[in-house]
Visitor: 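Have a look at the structure that comes next, please.
Just so we're clear, the structure is a prediction, and the values are computed from it rather than from any experiment. Below, read A as the first sequence line, B as the second, and so on, with proteins coming before strands; counting in each chain starts at 1.
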Amino acid sequence: MKRTKIFQLIDADAPLDRVLAKGWVRTRRDSKTFSFIELNDGSCLKNLQVIADESLDNYEEIKKITTGSAVAVTGRHVESKGGGQKWEVQADGIEIIHMAPETYPLQKKRHTDEFLRTIAHLRPRTNKYGAAFRIRAELAYAIHQFFRDRGFKYIHTPILTGSDCEGAGELFRVTAMDLTRVPTVDGKPDFDGDFFGREANLTVSGQLSAEMFALALGDVYTFGPTFRAENSNTRRHAAEFWMVEPEMAFCDLAGNMGLGEDLIRTVVRQIMDNCADDLELFAKFVDKKLMKTLQNTVDSDYVRLPYREAVAILLKSGKKFEFPVEFGKDLQSEHERFLTENHFRKPVILHDYPKTIKPFYMRVNDDNETVAAMDVLVPSIGEIIGGSQREERLDVLEARMAELSMETEPYWWYLDSRRYGSVPHSGFGLGFERLMMLVTGISNIRDVIPFPRTPRNIEF
RNA sequence: UCCCCAGUAGCUCAGUCGGCAGAGCAGGUGGCUGUUAACCACCGUGUCCGUGGUUCGAGUCCGCGCUGGGGAGCCA
């Protein structure tokens with residue numbers, strides 16, 4: 001008999017007659033002449049209630065089935081006599097595929113997230129993490145669908161990069177050299193004999209590559225892993241995370257902001273429509289205000305706020321901040337939180353930042369003081385998108401690089417794009433895990449990625 | 001990297017003023033019930049994170065270290 005997934009047994013409109021279900025036992029409750037078995041196969045949040053009667057030839061074994069054990073159940077799919085579930089399976093055969101010993105660490109009770117992180121290989125078997133990772137899969141699909149619907153092409157940009165100067169953050173070095181015998185020149189490692197014949201690192205962003213493809217295919221996006229060797233110890237940072245980076249030719253900052261807002265709103269709506277059961281768990285047990293937050297994210301128009309005006313609002317607020325607000329300084333977390341959580345109470349897109357605090361590739365505005373940058377801030381998480389219109393004017397770009405004492409030679413190919421058919425273009429990076437945090441209300445990034453990598457943590 | 005907090009049974013935690021180490025859950029045994037975080041009775045469980053010190057005596061006080069969490073910085 002062909003296996004039926006449990007979500008189909010639970011969503012059924014009519015009895016399905018005789019079925020085969022396979023999964024893991026969440027709990028067992030014994031009655032005098034029969035047992036209730038809660039079976040979960042990960043296809044949905046809900047468990048299938050299985051009735052195992054004493055007439056089963058292995059009933060003595062069945063009564064010993066422990067939480068976490070794997071079983072295959074055949075039986076009749078019938079309306080449940082008890083409350084709490086519509087359907088149940090009256091078993092006529094239960095095969096114990098594997099009995100989990102009583103050392104199985106997951107119990108029928110709430111565990112802390114901290115404990116579950118120490119058993120990250122088992123935590124997807126819990127209700128909460130199962131729900132989170134089903135949502136993660138749907139969210140990734142929603143992203144691809146969003147871009148495909150709008151004619152964007154998906155580009156696979158390299159994970160290994162040859163430049164140590166992509167801009168953002170500390171890099172993870174990649175080498176095939178024997179680290180006990182690294183050849184040196186002038187006291188520095190000599191990469192000439194290494195795999196690529198030069199220094200190599202893990203990517204911190206696919207942006208520069210994506211720009212090249214935007215200037216060929218028009219609208220493109222990347223969606224892949226990104227690596228930062230920053231010693232960040234916060235609930236919002238991971239050393240390995242997934243980033244979505246659209247890049248659009250013939251697009252200015254306004255169009256860029258519009259796409260960011262549209263993207264967040266569309267994918268959140270899709271999760272609300274397609275993952276109602278899983279979302280309900282988070283609304284109930286993780287963040288009581290989740291549905292309100294999501295509704296707000298979907299319904300409200302995101303504020304467009306020039307950095308200059310943000311500074312004015314913060315100065316006028318009369319609120320005492322730990323760090324002073326001053327034009328030319330980057331806004332602190334507390335300032336961003338005030339704007340999005342207290343002042344506007346909805347997502348805020350800050351734009352046109354001073355060029356002194358932004359990287360070389362952002363387009364310099366006519367005031368020659370600000371650049372066409374934008375950050376999308378959402379309540380409680382903070383920055384979820386960072387992007388800009390790119391500097392398409394070769395002379396201005398080279399001048400900016402000189403200003404920042406950057407060598408232009410390694411960027412010869414990047415600068416080529418400004419020599420041949422250069423056009424205004426824009427893009428941004430969306431932190432996929434931060435989007436997950438927004439959607440689920442989970443407050444720690446380590447709990448929305450299967451096996452989190454953070455400083456001093458690479459188990460599993 | 002900096003600041004703050006925590007570390008006690010498999011898990012979640014309590015432990016008073018420095019005076020013999022506790023509960024609930026999980027597990028085991030028996031009972032009861034179309035049950036649903038089932039229920040009732042009984043049973044076992046410890047490097048009190050490590051290390052050095054103060055003290056007649058340290059889970060408790062002090063120093064150092066490790067691990068975890070929260071906040072800050074960096075950013076997605």
Visitor: To the nearest Å, give me how far apart CD1 (A/Ile349) and P (B/A76) are.
Guide: 15 Å
Visitor: Has the side chain of A/Asn233 got a donor or acceptor that lies under 3.5 Å from a partner of the other kind on the base of B/U1?
Guide: yes
Visitor: Could you walk me through whether A/Lys358 and A/Asp330 pass salt bridge (charged side-chain N to carboxylate O under 4.0 Å, His left out), step by step?
Guide: CA-CA 9 Å; A/Lys358 290 292 179 183; A/Asp330 213 348; 5.2 Å; no
Visitor: Indicate, yes or no, whether a donor-acceptor pair under 3.5 Å links the base of B/U1 to the side chain of A/Glu230.
Guide: no
Visitor: Base, sugar-phosphate or nothing for A/Glu88? Non-hydrogen atoms, less than 4.0 Å.
Guide: base
Visitor: When you compare the ring of A/Phe34 with the six-membered ring of B/G34's base, are the centres less than 5.5 Å apart and the planes under 30° from each other?
Guide: no
Visitor: For the CZ atom on A/Arg18, are there more than 12 heavy atoms of other groups (residues, nucleotides or ligands in this structure) within a distance under 6.0 Å?
Guide: yes
Visitor: Round to the nearest Å and state the distance from A/Ile119 atom CD1 to B/G68 atom C1'.
Guide: 15 Å
Visitor: Let's test your reading of the model: under 3.5 Å, does the base of B/C75 pair with the side chain of A/Ser232 as donor and acceptor?
Guide: no
Visitor: Tell which nucleotide pairs with B/U35, taking only Watson-Crick or G-U wobble pairs whose two distances are both under 3.5 angstrom.
Guide: none
Visitor: Toward the 5' end of RNA chain B, which comes first, A/Lys358 or A/Thr66, by nearest nucleotide?
Guide: A/Thr66
Visitor: If I take atom CD in residue A/Glu114 and atom P in nucleotide B/C13, what distance separates them, rounded to the nearest angstrom?
Guide: 8 Å
Visitor: Considering only the P atoms, how many Å lie between B/G70 and B/U12, rounded to the nearest integer?
Guide: 15 Å
Visitor: Is it the case that over 12 heavy atoms from other parts of the model lie below 6.0 angstrom from the NZ atom of A/Lys346?
Guide: yes
Visitor: Within the supplied structure, the quantity of interest is the number of heavy atoms (other residues, nucleotides, ligands) at a distance under 6.0 Å from A/Arg150 CZ; does it exceed 12?
Guide: yes
Visitor: If you measure from the C1' atom in B/A23 to the same atom in B/G68, how many Å do you get, rounded?
Guide: 24 Å
Visitor: Using only heavy-atom distances, decide whether a donor-acceptor pair under 3.5 angstrom links the side-chain of A/Glu334 to the base of B/G71.
Guide: no
Visitor: Within the structure shown, what part of the strands sits under 4.0 Å from A/Arg26 by heavy-atom distance: base, sugar-phosphate, or nothing?
Guide: nothing
Visitor: Partner lookup for B/A72, please. Criteria are Watson-Crick or G-U wobble with both distances under 3.5 angstrom; report none if nothing qualifies.
Guide: B/U1
Visitor: Given that A/Ile51 and A/Phe323 both sit by RNA chain B, which one's nearest nucleotide is further toward the 5' end?
Guide: A/Ile51
Visitor: What do you reckon, is NZ of A/Lys46 surrounded by more than 12 foreign heavy atoms closer than 6.0 Å?
Guide: no
Visitor: Quick one: is B/G73 close enough that its OP1 or OP2 comes under 4.0 Å of any side-chain N or O from A/Gln332?
Guide: yes
Visitor: Would you kindly check whether a donor in the side chain of A/Gln90 faces an acceptor in the base of B/G34, or vice versa, at under 3.5 angstrom?
Guide: yes
Visitor: Could you tell me whether the side chains of A/Tyr414 and A/Glu211 share a donor-acceptor contact shorter than 3.5 Å?
Guide: yes
Visitor: Pick base, sugar-phosphate or nothing for A/Gln107, based on heavy-atom distances below 4.0 Å to the nucleic acid.
Guide: base
Visitor: If I pick the P atom on B/C62 and the same atom on B/C17, what distance separates them, to the nearest angstrom?
Guide: 14 Å
Visitor: Both distances below 3.5 Å, Watson-Crick or wobble geometry, any strand: find the nucleotide opposite B/G63.
Guide: B/U51
Visitor: Looking at every strand, decide which applies to A/Glu433 at a 4.0 Å heavy-atom threshold: base, sugar-phosphate, or nothing.
Guide: nothing
Visitor: Checking base pairs now: Watson-Crick or wobble, both atom distances under 3.5 Å. What partners B/U29?
Guide: B/A41
Visitor: Does the side chain of A/Tyr129 pick up a donor-acceptor pair with the side chain of A/Asp113 at under 3.5 Å?
Guide: yes
Visitor: If I take atom NE2 in residue A/His111 and atom P in nucleotide B/C13, what distance separates them, rounded to the nearest angstrom?
Guide: 12 Å
Visitor: Is it the case that A/Glu245 and A/Ser205 place a side-chain donor and acceptor less than 3.5 Å from each other?
Guide: yes
Visitor: Starting the side chain at C-beta, find the nucleotide from B/C75, B/G70, B/U33 nearest to A/Ser333.
Guide: B/C75
Visitor: Give a yes or no on whether a donor-acceptor pair under 3.5 Å exists between the nucleobase atoms of B/C75, that is its base, and the side chain of A/His237.
Guide: yes
Visitor: I'd like the P distance from B/A21 over to B/C3, given in whole Å.
Guide: 36 Å
Visitor: B/C40 and B/U35: how far apart are their P atoms, nearest whole angstrom?
Guide: 15 Å
Visitor: Considering only atom C1', compute the distance from B/U45 to B/G24 and round it to an integer number of Å.
Guide: 14 Å
Visitor: If you measure from the C1' atom in B/G63 to the same atom in B/A58, how many Å do you get, rounded?
Guide: 15 Å
Visitor: Counting side-chain heavy atoms from CB outward, which of B/C74, B/G69, B/U1 is closest to A/Arg117?
Guide: B/G69
Visitor: For the residue pair A/Thr226 / A/Arg228, report whether a side-chain donor-acceptor contact shorter than 3.5 Å exists.
Guide: no
Visitor: Report which part of the nucleic acid A/Thr112 touches: base, sugar-phosphate, or nothing (heavy-atom distance under 4.0 Å, all strands).
Guide: sugar-phosphate
Visitor: For A/Ile384, report the nucleic acid contact type (base, sugar-phosphate, nothing); a contact means any heavy atom under 4.0 Å.
Guide: sugar-phosphate
Visitor: Heavy atoms only, 4.0 Å cut-off, all strands: where does A/Glu322 land among base, sugar-phosphate and nothing?
Guide: nothing
Visitor: Check A/Ala120 against A/Phe460 and note the closest heavy-atom contact, atom names and distance.
Guide: N-CZ, 3.5 Å
Visitor: Select base, sugar-phosphate, or nothing to describe what A/Phe241 touches, counting heavy atoms under 4.0 Å on all strands.
Guide: base
Visitor: What about A/Arg434, does its side chain sit under 3.5 Å from the base of B/C75 through a donor-acceptor pair?
Guide: yes
Visitor: At under 4.0 Å between heavy atoms, what does A/Arg236 touch on the DNA or RNA strands: base, sugar-phosphate, or nothing?
Guide: base
Visitor: Taking only N and O in the side chain of A/Arg28, is any of them less than 4.0 Å away from OP1 or OP2 of B/A37?
Guide: no
Visitor: Whole angstrom is fine here: how far is it from CD in A/Glu54 over to P in B/G34?
Guide: 13 Å
Visitor: Give the rounded distance in Å between these two atoms: CZ of A/Phe321 and P of B/G73.
Guide: 13 Å
Visitor: How many Å lie between CG on A/Leu281 and P on B/A37, as a whole number?
Guide: 14 Å
Visitor: Using the P atoms only, state how far B/A37 lies from B/G46, rounded to an integer number of Å.
Guide: 32 Å
Visitor: Which whole-number value in Å describes the distance from A/Arg110 CZ to B/C11 P?
Guide: 15 Å
Visitor: Report the nucleotide, chosen from B/C32, B/A76, B/C74, that has the shortest atom-to-atom distance to any side-chain atom of A/Lys32.
Guide: B/C32
Visitor: Name the closest nucleotide to the A/Arg29 side chain, picking from B/A38, B/A76, B/G69.
Guide: B/A38
Visitor: Determine the contact category for A/Leu435: base if any of its heavy atoms lies under 4.0 Å from a base atom, sugar-phosphate if only primed atoms, P, OP1 or OP2 are that close, otherwise nothing.
Guide: nothing
Visitor: Mind checking A/Thr27 for me? I need base, sugar-phosphate or nothing, with any heavy atom below 4.0 Å counting as a touch.
Guide: sugar-phosphate
